[in-house]
Amino acid sequence: MRQPTLQTTRLTLRPYQLTDAPRMQQLAGERAIAVTTLRIPHPYRDCVAEEWIATALERAATGKAYHFAMVLTETDEFLGSVGLTVQREWERAELGYWMGVSYWGRGYTTEAAIEIVRFGFEDLGLNRIYASVFANNPASARVLEKAGLIYEGRHVHAIKKSDEFLDTLTYARVKAT
Ligand SMILES: CC(C)(COP(=O)(O)OP(=O)(O)OC[C@H]1O[C@@H](n2cnc3c(N)ncnc32)[C@H](O)[C@@H]1OP(=O)(O)O)[C@@H](O)C(=O)NCCC(=O)NCCS
């Protein structure tokens with residue numbers, strides 16, 4: 001399906017545009033974003049945002065992933081990113097997001113995650129939406145809980161980041177619940 005633009009009370013969730021790249025580089029480039037995510041580099045070098053956006057658009061065109069720019073509707077400010085990586089074979093998707101540090105704690109990511117979960121079940125027809133967070137990321141766990149995902153368990157030393165083994169917590173929601 002063609003990637004839609006979604007609306008929440010305060011946010012517009014829209015497909016990325018290449019013009020988002022400079023602001024994305026500034027916001028995603030903050031160290032605090034890399035600390036609790038697996039694939040966001042730090043330092044965030046030139047061209048990384050442009051390449052990521054080009055790939056995101058390709059993946060949306062083939063239904064493999066739907067990444068949305070989170071934009072404040074009132075001001076058109078780019079705030080962060082939210083998206084689903086789809087595994088169509090199993091009718092499931094992994095939810096992921098990051099929010100620019102200066103916008104933390106205002107409920108924006110929760111607002112977006114609730115809408116993306118709805119999009120996944122209702123518009124994409126998925127059966128399961130899940131996410132894994134580092135055990136030391138309570139803010140993200142809270143976002144998932146508020147989006148209706150249920151804690152499934154802890155994976156001890158599931159990943160290695162900066163030479164340290166870290167536990168992850170998995171949350172999920174299935175269509176019927
Ligand atoms: C995780 C993240 C997206 C949250 O964004 P946000 O817009 O601040 O989230 P919200 O404001 O919607 O909700 C945050 C919730 O976490 C809570 N929270 C924040 N810090 C917390 C902490 N240290 N302990 C417990 N709860 C915490 C907030 O109080 C809020 O819950 P509440 O509404 O019940 O009070 C943001 O911190 C981020 O981008 N982190 C870096 C990237 C990242 O970790 N991405 C997720 C990878 S799984």
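Throughout, numbering of the chain's residues begins at 1 and tracks the sequence. Numbering of ligands and ligand atoms starts at 1, following listing order. Computed from a prediction, not measured in an experiment: that's the story for all the values here.
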* Remaining members of Phe134's ILVMFWY cluster at a side-chain heavy-atom cut-off under 4.5 Å? -> Leu38, Ile159, Leu166
* Asked: Hey, are Thr109 and Tyr103 close enough side-chain-wise for a donor-acceptor pair under 3.5 Å?
  -> no
* Would you please say whether a donor-acceptor pair under 3.5 Å links the side chains of Gln87 and Tyr130? => yes
* Asked: When you check the side-chain N and O atoms of Glu111 and Thr8, is any donor under 3.5 Å from an acceptor?
  -> yes
* Members sharing Ile114's hydrophobic cluster (side chains within less than 4.5 Å) -> none
* To do: For ligand 1, would you mind listing the residues that have at least one heavy atom less than 4.0 Å away, ordered by chain and number?
  => Ala32, Ile33, Thr36, Thr37, Tyr97, Trp98, Met99, Trp104, Gly105, Arg106, Gly107, Tyr108, Thr109, Thr110, Ser132, Val133, Asn137, Pro138, Ala139, Ser140, Arg142, Val143, Lys146
* Listed once per pair and sorted, the side-chain hydrogen bond (donor to acceptor under 3.5 Å, both in side chains) pairs that draw on residues 34-47, sequence neighbours left out -> Gln25-Asp46
